[in-house]
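Note that ligands are numbered from 1 as they come in the structure, with each ligand's atoms numbered from 1 the same way. FYI, the numbering just counts along the sequence from 1.
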Amino acid sequence: MSFPGNFTWGVATASYQIEGSPVHAGGGPSVWDLFCRREGAIVNGESGAVACDHYRDWRDDVALMRELGLKGYRFSISWSRVIPNGTGAINQQGLDFYDRLVDALLEAGIQPWVTLFHWDYPAELYYRGGWLNRASADWFADYTQVVVDRLSDRVQHWMTLNEPQCFVILGHQSGYHAPGLKLDLPDVLRVAHHSLLAHGRAVQVIRARSKTAAQVGFAPVGTVKSPATDTAADIAAAQQSMFSVTNRNLWNSTWWLDPVFLGSYPEDGLREFAAVLPAIRSDDMATIQQPLDFFGANIYHGELCRAGTDGQPEDVPYTGSTPRTLLHWPVVPQMLYWGPKFYFERYGKPIVITENGCAQADVVSLDGRVHDPQRIDFLNRYLRELGRAAADGVTLAGYFQWSLLDNFEWAEGYRQRFGLVYTDYATQRRIPKDSAAWYAGVIRANGVE
Ligand code: IFM
């Protein structure tokens, strides 16, 4: 294992998944508050109304983080907690919450890494067209300014959007996530374009207003490809496939990343979507391509790929014996080698793993503890691969395990447990799992021993 000396070991969370709804504390509802009321939208009819009640229990949660020896904590800001209607009047109580959290983290020796948007879009703005409205980029810029003006004297690390692929595709195309829309492809592409514009506008605001030297990134979730074998042909096929747009499928990397890092939509994507492209104004690509300091990669799994007999890449299906997490995601540790390597080779930015982890059906044992050997094994295997990427020359700046706590897993409700710390939702008691102690050891050793 060779991780750089200043490597940031952290955990990640998101506002709606842990805090409890902002409507109980002077904030406004987000699309998730609306969506959770929809019959059948969430497993067991659950919602993030209370979640981990972190809005009230944050001091204890910071104390837990201190005990783990974390170097960084990635959390998101709830837009409608800070600005209840999405634009206009500020909810000072909401802003104060994040202000105090930042102070407490710094006091505990933990760097705050702030994500500006992790899916909880203000309901009032949704009624005004949401991401379909091009003004959403301006609304996001105005919100960013409020947050940056308040926190940037202490916060140095910023991420604009978390996993735009998810909130655009799951939220606006398949309807599986909030706001639950099933739009046609031209409108989905419009939503995607506006979200990229919002990213660019937010970076401009951070650069213009930050009171300290800001480090800015973006946290997408592309589909990582790993070569099925170590042959040069399979490696080339995996790399080619990872950076291709095919079958009008928006679950790809380059449609989202090339504009941000290279300043243009990929040629193959422009061909695929030629008949359904949104209006792209002449200076849009320059707005979207702002200088970034790091590439935030959310990597949990991926696909195996090989060179087919015609030389073209082809995916290799997993078999019934492939280990899987509770979400049925394949356990494929090499994705934390190939993903960072391929991203680094294409975009040339230091890589921060902004999310990685696994859902398990954790339970409290008779001894009152939570034993989660599968999670330890999962993290151990993935981190070894990440260390291999570092040893092979990939510049790595940090790793954020998802997640500090078991929390509200969106449409899956509470049955998927991702935490290093178990949440007893009935009492809000936290029980650090065995993996928490293990991860604390990894941090102390600056890598897996
Ligand atoms: O819980 C989510 C998170 O909000 C975004 N990335 C994936 C995690 C696990 O599904």
Side-chain angles (χ1 to χ4, degrees), residues 10-21 30-33 35-36 41-43 46-48 51-52 54 73-79 113-121 159-172 174 176-179 195 199 217-224 251 253 256 295-302 324-332 335-336 339 352-362 372 374-375 378-379 382 398-423 425 435:
V11 294
T13 64
S15 44
Y16 190 73
Q17 295 182 269
I18 65 164
E19 287 178 0
S21 169
S30 77
V31 291
W32 273 96
D33 290 290
F35 189 64
C36 290
I42 315 291
V43 168
E46 290 166 335
S47 81
C52 308
H54 173 76
Y73 174 47
R74 173 177 181 236
F75 62 97
S76 77
I77 306 252
S78 157
W79 183 346
W113 287 55
V114 171
T115 308
L116 288 159
F117 181 70
H118 196 129
W119 309 356
D120 37 4
Y121 190 88
M159 285 139 290
T160 55
L161 310 178
N162 185 71
E163 297 179 352
Q165 290 97 329
C166 288
F167 71 80
V168 173
I169 302 171
L170 300 178
H172 298 80
S174 69
Y176 176 60
H177 275 185
S195 73
H199 156 83
F218 176 56
V221 60
T223 302
V224 172
W251 281 115
S253 292
W256 310 87
F295 182 112
N298 290 4
I299 301 177
Y300 291 84
H301 55 89
R324 289 184 183 263
T325 71
L326 193 61
L327 265 175
H328 300 289
W329 294 350
V331 178
V332 272
M335 299 302 165
L336 224 46
V352 175
I353 302 301
T354 36
E355 287 183 25
N356 169 248
C358 61
Q360 305 288 349
D362 302 309
D372 57 344
Q374 287 92 342
R375 180 169 291 101
F378 178 101
L379 295 174
Y382 274 69
Y399 170 88
F400 290 81
Q401 188 271 348
W402 183 272
S403 179
L404 172 68
L405 304 167
D406 296 337
N407 59 47
F408 178 67
E409 179 57 20
W410 308 112
E412 288 288 316
Y414 291 97
R415 65 180 172 180
Q416 308 286 343
R417 292 184 177 269
F418 273 93
L420 293 174
V421 176
Y422 181 92
T423 306
Y425 295 106
S435 59

Check your understanding: Are any of the side-chain heavy atoms of Trp113 and Met159 separated by less than 4.5 Å?
Key -> yes
Exercise for review: Please confirm whether Gln416 comes under 4.0 Å of ligand 1, counting heavy atoms of the residue only.
Suggested key: no
Practice item. Please confirm whether His118 comes within less than 3.5 Å of ligand 1 when only nitrogen or oxygen atoms on both sides are compared. Key: yes
Check your understanding: Which is closest to atom 8 (C) of ligand 1 by heavy-atom distance: Phe418, Phe408, Tyr300, Trp410?
Key -> Tyr300
Check your understanding: Is the closest N or O pair between Asn298 and ligand 1 shorter than 3.5 Å?
Key -> no
Review point. For ligand 1, which atoms have a heavy atom of Trp329 less than 4.0 angstrom away?
Key: 9 (C), 10 (O)
Practice item. With heavy atoms only and a cut-off of under 4.0 Å, state how Tyr16 meets ligand 1: side chain, backbone, both or neither. Key: neither
Check your understanding: Hey, mind stepping through Arg415 and Glu46 against salt bridge (charged side-chain N to carboxylate O under 4.0 Å, His left out) and telling me if it holds?
Key -> CA-CA 10 Å; Arg415 65 180 172 180; Glu46 290 166 335; over 6 Å; no
Review point. Looking at atom 7 (C) of ligand 1, what's its closest protein heavy atom, distance included?
Key: Glu355 OE1, 3.2 Å
**Study point:** Pair Asp372 + Arg417, salt bridge at N-O below 4.0 Å
**Key:** no
Review point. Heavy atom under 4.0 Å from ligand 1: found in Glu409's side chain, backbone, both, or neither?
Key: side chain
Check your understanding: Quick one: do the Thr115 and Asn162 side chains pair a donor with an acceptor below 3.5 Å?
Key -> no
Check your understanding: Strictly by modelled atom types, are Thr13 and Tyr73 linked by a side-chain donor-acceptor pair under 3.5 Å?
Key -> yes
Exercise for review: Taking the side chain as every heavy atom from C-beta outward, state whether Trp119 and Glu163 have any atom pair closer than 4.5 Å.
Suggested key: yes
